[in-house]
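Working notes for the structure below.
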Amino acid sequence: MNAAKTNRFEEFLDSKLIPLGNKVSQQRHLKAIRDGMVAATPLALLGGMTLIVTSPPVNLDTMKPTNFIFKFLIAWKEWAVAHGMQIELLYRASMGLMAMFICLAIAHSLAKSYKMDPVGTMIISAVCFMITSAPSDMGVMSAGITAQMTGEEVLANQAVLIPTGFLGAEGIFTAIILALLTTEITRLLQEKGMFIKMPDAVPAPVKASFASIIPLVINAVGIFLISLLIQKVSGGLLIPELIKALFKPLVVAVDSPFGIILISVVTQVLWIVGLHGSSIVSGVVGAFELGNLTANAGLVTQGLMPEYIYTEPFRAFFMILGGAGATIGLNILMLRSKSKQLKTLGRLAIVPSIFNINEPLIFGTPIVLNPTLAIPFILAQTVNGVLTYLIMYVDIIGKTFTYVPWTTPAPIGAAISTMDFKAFIWVILLIIVDLVIWYPFFKSYEKQLVLEDMEASDGNEGGE
């Protein structure tokens, strides 16, 4: 009976759930959003490195130069205060313009999936994004004004100024929506033949350029008129401000214990049935993770404390210790297992696990379709997330605000992403918690494998 139920369950997975999961993961719009988030990774890395340099974890009012390390930290802080504004140009040119680059990357990915000209589509999306998110105006930079200037002299220093407030974290959702919308409108116009056709003898780049003229005009004028209408109806709100207000409940929901539990459970269930849960879920929540991180980075550049807890480094360095499911605890237990299979796999997988790569464990143990290990696989990661949320909420350790590659060993990545050494110690404590969670289930599974080995050995001896 149990075998029959198991077979029916596996048939259900093979025929319904797994094809559905694969379809969702390859859905072109979700894939384009995911590609856009991934493309922004180098920008987040450069911006994060800049913030590390300009934000040493030092309080000049309390730290005294009593030893070499404190003297170094104080000197670093004083240097950062003196030169921070110049160095932060690297941040403003990378993470500070994150939404713009995400818009370009999403439009590029979606256009390629439709076999459209990606360059022309990127330009159209970028123009529309600038119209809605960074409406330029005439103004005078305060640095160019002196007390002795007359009004005419002040006006003579006028220039076109572009506000950048919505080109970073605040504009990410607008960038996603406009990249998808303008690309779809461009595709529809081209399918209807509404573009300038050039003779076959004309070089391909020139043909593509002329083919983009009509879609560009229609998209830009349409978005411009919509923007003016929204401003008039809403009392002056720009589209990014309206979208930010609409998405605020979702941001709050994701950045909460309930959101962390939901994201973790859904991701792990997908992994258990053989799907790449992280890849599928990141297409939905990746914008929230990156947006929260970028917002925290922006607050730090203003001398303020980070606001959001759930970010990409939070998930990478405080939840998935050793990889999805916080399997570093399982891997450590496997190193001294009585089962030859588990012990051998544990030794082979420990180095990748240190760098948060655990596919060898997920598919080799296996954890996929393994009811014995499914519970700790879901539970350990979820417990890590909730405990860390509470610890950060009461400000025992700092919140993440710098981007660190997810393959960085978790204790180190946690300390760097928060610039708080207490985070290093906290991750070590979480690994101990994970060991406790994994232990009883591991021992049960180990016992199963040992018995199977003994039965196989006895069977071989009997055959001889």
Side-chain angles (χ1 to χ4, degrees), residues 20-48 94-130 133 166-188 190 208 212 215 219 240 243 247 250 254 263 266-267 270-271 275-294 311-313 315-316 320 324 356-357 359 403-407:
L20 177 62
N22 287 329
K23 189 173 182 179
V24 170
S25 67
Q26 294 302 315
Q27 202 281 328
R28 68 173 79 238
H29 298 91
L30 289 178
K31 187 174 183 296
I33 294 172
R34 187 166 61 247
D35 290 346
M37 298 300 120
V38 172
T41 299
L43 305 172
L45 183 58
L46 176 59
S94 53
M95 284 186 82
L97 301 178
M98 181 76 75
M100 167 60 82
F101 294 116
I102 287 175
C103 182
L104 292 168
I106 292 175
H108 181 275
S109 176
L110 187 56
K112 284 188 67 177
S113 75
Y114 283 125
K115 299 187 181 340
M116 297 164 55
D117 170 37
V119 175
T121 308
M122 290 167 63
I123 292 172
I124 293 170
S125 296
V127 170
C128 293
F129 180 67
M130 292 297 291
S133 304
F166 291 108
L167 298 184
E170 301 288 326
I172 287 179
F173 292 116
T174 305
I176 293 171
I177 293 171
L178 282 177
L180 299 177
L181 177 63
T182 56
T183 303
E184 288 293 343
I185 292 174
T186 301
R187 178 181 67 85
L188 180 62
Q190 291 181 351
S212 297
N219 274 287
I243 292 175
F247 274 84
L250 286 177
V254 169
I263 291 168
V266 171
T267 303
L270 290 172
W271 272 113
L275 298 171
H276 199 296
S278 303
S279 177
I280 294 172
V281 174
S282 66
V284 179
V285 302
F288 294 95
E289 294 177 344
L290 189 56
N292 289 351
L293 179 66
T294 309
T311 65
E312 186 177 343
R315 177 171 56 85
I320 58 170
N356 294 326
I357 298 170
E359 278 80 357
Y403 180 82
V404 183
W406 62 270
T407 50

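Just so you know, these numbers use all the heavy atoms, side chains as well, and skip hydrogens, waters and symmetry mates. By convention here, the first residue in the shown sequence is residue 1. Predicted model only: the values in this text are computed from it and were never measured.
Among all heavy-atom pairs drawn from Ile357 and Glu359, the shortest one is CG2-OE1, 3.6 Å. When all heavy atoms of Ile172 and Ala99 are compared, the pair lying nearest together is N-CB, 3.7 Å. Here the shortest heavy-atom pairing between Met37 and Ile102 reads CE-CG2, 3.6 Å. The two residues Arg187 and Glu184 have their closest heavy-atom pair at NH2-OE1, 2.8 Å. Of all the heavy atoms in Trp406 and Asn356, the pair that sits closest is O-ND2, 2.8 Å. Listed here is the closest heavy atom pair of Ala39 and Pro42: O-CD, 3.2 Å.
Taking the six-membered ring for Trp and the full ring otherwise, Phe166 and Phe173 have centroids separated by 6.0 Å or more.
Side chains of Val404 and Pro313 form no contact here, defined as non-hydrogen atoms less than 4.5 Å apart. Proximity of Pro118 to Thr121: side-chain heavy atoms (C-beta onward) are nowhere separated by under 4.5 Å. Within the 4.5 Å cutoff, side-chain heavy atoms of Asp117 are placed close to those of Ser212. Counting heavy atoms from C-beta outward, Tyr403 and Thr294 have side chains that stay 4.5 Å or more apart. Contact annotation: the side chain of Ile185 never approaches that of Ile124 to less than 4.5 Å [non-hydrogen atoms, C-beta and beyond]. Under the 4.5 Å side-chain criterion, counting only non-hydrogen atoms from C-beta, Ile33 is in contact with Leu180.
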Q) Do Glu289 and Leu293 pass the side chain to side chain contact (heavy atoms under 4.5 Å, CB included) test, and can you show the C-alpha distance, the side-chain angles, and the key distance before you say yes or no? A) CA-CA 6 Å; Glu289 294 177 344; Leu293 179 66; over 6 Å; no

Q: Check the pair Leu167, Phe129 against side chain to side chain contact (heavy atoms under 4.5 Å, CB included), reporting the backbone distance first and the verdict last.
A: CA-CA 9 Å; Leu167 298 184; Phe129 180 67; 3.5 Å; yes

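Here the CG-OG1 distance, from Leu181 to Thr186, works out to 9.0 Å after rounding to the nearest 0.5 Å. Here the CD1 atom belonging to Ile123 is positioned 13.0 Å from the CG atom belonging to Asn219, to the nearest 0.5 angstrom. One distance of note links CE of Met122 with NZ of Lys112; it measures 11.0 Å at 0.5 Å rounding. The line from CG of Leu46 to OG1 of Thr41 is 12.5 Å long, rounded to the nearest 0.5 Å. The CE atom of Met100 sits 8.0 Å away from atom OG of Ser133, with the distance rounded to the nearest 0.5 Å. Between atom CZ of residue Arg315 and atom CD of residue Glu312 there is a gap of 5.5 Å, rounded to the nearest 0.5 Å.
Residue Thr182 is tested with Ser125, Cys103, Pro215 for a side chain to side chain contact (heavy atoms under 4.5 Å, CB included); the sole match is Ser125.
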